[in-house]
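Contents: one structure, followed by commentary.
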Protein chains: 2
Amino acid sequence: MSDSEPQLLHLHTLKASCASCSVLELCLPIGLTGVEVERLDTLIAQRVKVKKGAALYRTGDPLRSLYAVRLGFFKTSVLSVDGREQVTGFQMQGEMLGLDAISTDHYACNAIALEDSEVCPIPFSNLEKLARDLPSLQHNLNKLLSQEIVRDHDMLLMLGNMNADERLAGFLLNLSQRLNRRGYSSRDFVLRMSREAIGSYLGLRLETICRCIAHLREENLVDLQGRNVKILDLPGLRQKVTGCHRHTEL
Amino acid sequence: MSDSEPQLLHLHTLKASCASCSVLELCLPIGLTGVEVERLDTLIAQRVKVKKGAALYRTGDPLRSLYAVRLGFFKTSVLSVDGREQVTGFQMQGEMLGLDAISTDHYACNAIALEDSEVCPIPFSNLEKLARDLPSLQHNLNKLLSQEIVRDHDMLLMLGNMNADERLAGFLLNLSQRLNRRGYSSRDFVLRMSREAIGSYLGLRLETICRCIAHLREENLVDLQGRNVKILDLPGLRQKVTGCHRHTEL
DNA sequence: CAAGCTTGTTGATGTAGCTCAATGTCTTTA
DNA sequence: TAAAGACATTGAGCTACATCAACAAGCTTG
């Protein structure tokens with residue numbers, strides 16, 4: 001565990017504002033009217049900065065806020081009783097952190113910033129109160145929760161049924177897609193996480209990730225140097241995931 | 001796929017009633033006042049019976065209702081593009097089906113009855129409306145969604161970090177616990193699902209499940225004949241899961 | 001109750017991905 | 001800008017689980 005640096009949360013004096021946020025259309029306020037967004041804005045006192053490597057929260061911390069990622073990149077992970085780590089997700093701009101805490105009023109995972117990041121804390125009890133007044137806000141929250149479930153089921157399918165090459169291809173495609181929706185290139189991006197974190201996420205060892213990267217390179221599907229990704233053959237990559245036989249054949 | 005029998009949904013003339021339900025305290029109405037439960041009751045027109053092997057819903061069906069399992073046993077599964085099946089969960093009394101559909105208004109998995117079962121359909125749009133009036137109902141729904149996320153993360157940990165014996169032990173313990181909370185024996189129960197379904201759920205082949213059962217038997221932890229389970233050494237079983245080293249050692 | 005089907009068990013063999021290890025490269029810090 | 005630490009790559013060998021196959025035991029149905 002190299003993530004145990006002291007937690008550094010810098011308060012930002014700037015008032016947060018969903019209305020002017022670049023990821024408004026991907027985040028909790030999606031589809032809300034101007035007036036509704038304004039009311040949601042009143043919940044978010046200020047943005048919070050999280051330094052690379054610092055924890056936004058840790059397993060067992062009491063739930064105070066959900067967090068919308070405004071800028072940067074996070075990983076969430078759960079620990080087994082004997083200390084083994086499973087990365088459960090990577091979150092980027094407009095994605096929500098802390099949904100798993102609603103269940104017990106305590107966060108059920110660790111959320112670590114993979115680069116200097118900024119989040120919008122949304123005090124949960126206030127959010128629930130406001131959501132009573134704003135049906136579409138409540139509906140959005142329900143959808144966000146449900147989306148997370150669907151995502152997790154897709155991951156189960158990956159871990160349960162796909163081989164290493166397929167998992168890595170699926171992972172890269174997923175990143176590519178999400179970055180694209182945020183206005184970034186879908187073919188040219190930078191990995192924010194280590195090989196080890198990717199491995200943990202995909203249920204593989206980091207050495208296997210390295211080897212799978214080599215495979216993709218040999219097949220001229222991806223040019224991956226260090227953390228710089230250039231997708232050379234997007235359809236080819238897609239085919240790798242869809243034709244997901246456990247072993248052999250393509 | 002042996003689950004493609006014609007879908008048989010028999011309408012039950014009996015009016016559903018949460019108030020008199022045996023799993024009231026485990027289901028959506030948990031913690032609601034009498035009056036609140038009555039209002040929830042008005043949403044549930046009638047119970048629905050689902051024959052063993054029949055589908056309650058299938059991937060892509062439009063979301064109309066969430067379903068509370070009143071009696072019986074279900075499995076949910078997602079299919080990969082190329083037709084591989086991943087079982088995502090087994091649901092028993094008091095557990096909710098269909099939460100994954102809120103995300104897109106379409107069910108994202110198949111729900112198949114593993115024995116003759118009975119569910120309480122809760123029309124989702126009505127539920128959302130009622131939840132505006134009943135904060136605790138809304139809160140319960142949020143919690144249920146969040147719980148599903150936590151459960152899924154636990155499964156990711158299993159598939160990503162635990163070996164076959166540990167996964168099976170974890171699976172049996174989980175069943176044992178849930179049955180116990182419903183007033184059944186935690187040491188003596190019947191599996192409702194095939195070895196293949198267990199395997200799919202745990203990311204293993206059915207042959208591996210058989211062999212792991214043999215291991216548990218050899219270690220005198222469990223007496224498992226066919227689908228009849230007798231847990232002989234509960235602490236021993238627990239230790240098997242907690243000491244979850246990927247290979248070797250205990 | 002016999003025949004056929006589904007489900008479960010067990011053995012033999014193969015292999016994908018893990019482990020261990022050596023080495024290289026990039027990043028941080030002093 | 002040198003040194004240390006973190007991160008990535010690649011090879012060699014091992015092992016847990018998959019695959020294939022044969023058979024046994026329960027259910028189902030005529």
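Lettering of chains follows the sequences in order, A, B, ..., and the numbering in each one begins at 1. All values below were derived from every heavy atom in this structure, side-chain atoms included, with hydrogens, water molecules and symmetry-related copies excluded. The model shown is predicted, which means the values in this text are computed figures rather than measured ones.
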### Query
Would A:Val81 and B:Val241 count as a side chain to side chain contact (heavy atoms under 4.5 Å, CB included) if you check the C-alpha gap in whole Å, the side-chain angles of each, and the deciding distance to 0.1 Å?
CA-CA 9 Å; A:Val81 194; B:Val241 194; over 6 Å; no
### Task
Using the test side-chain contact (heavy atoms from CB on, under 4.5 Å), find all partners of A:Cys210 that sit at least two apart in sequence or belong to another chain.
A:Arg195
### Task
Quickly work out the A:Glu166 CD to C:dA16 P distance and round it to whole Å.
12 Å
### Heavy-atom closest pair, residues B:Met96 and B:Leu144
CE-CD2, 3.7 Å
#### Entry: Side-chain H-bond candidate by donor/acceptor type, A:Glu85 with A:Ser77, under 3.5 Å
yes
#### Entry: Plane angle bin for A:Tyr201 and A:Phe90 - parallel if under 30°, tilted between 30 and 60°, otherwise perpendicular
perpendicular
### Message
Need the bend value for the helix from C:dC1-D:dG30 to C:dA30-D:dT1: angle between end axes, 5 pairs each end, nearest 10°.
### Response
50°
### Message
To the closest 0.5 Å, what do you measure between CG (A:Leu237) and OG (A:Ser176)?
### Response
8.5 Å
### Task
To the nearest Å, give me how far apart CG (A:Leu202) and P (C:dA16) are.
18 Å
### Contact state string [nucleotides 8-13 of chain D, B base, S sugar-phosphate only, - no protein heavy atom under 4.0 Å]
SBBBB-
### Query
Expressed in angstrom and rounded to an integer, what is the separation of A:Leu191 atom CG from C:dC26 atom P?
15 Å
### Task
Count the heavy atoms of every other residue, nucleotide or ligand shown that sit under 6.0 Å from CZ of B:Arg151, and state whether that count exceeds 12.
yes
### Summary
A:Lys52 NZ to D:dC7 C1', in whole Å, measures 11 Å
#### Entry: side chain to side chain contact (heavy atoms under 4.5 Å, CB included) evaluation trace for A:Thr59 with A:Val78
CA-CA 8 Å; A:Thr59 305; A:Val78 293; 5.9 Å; no
### CA sep, side-chain torsions, deciding dist, call: A:Lys230, A:Asp188, salt bridge (charged side-chain N to carboxylate O under 4.0 Å, His left out)
CA-CA 5 Å; A:Lys230 281 194 215 310; A:Asp188 197 330; 3.4 Å; yes
### Summary
Atom CG of A:Asn163 and atom P of D:dA18 are separated, to the nearest Å, by 13 Å
### Message
What is the distance, to the nearest angstrom, from the CG atom on A:Asn228 to the C1' atom on D:dC7?
### Response
14 Å
### Task
Could you check how far CG of A:Asn161 sits from P of D:dT19, rounded to whole Å?
10 Å
### Message
Rounded to whole Å, please give me the gap between NE2 in B:His215 and P in C:dG11.
### Response
11 Å
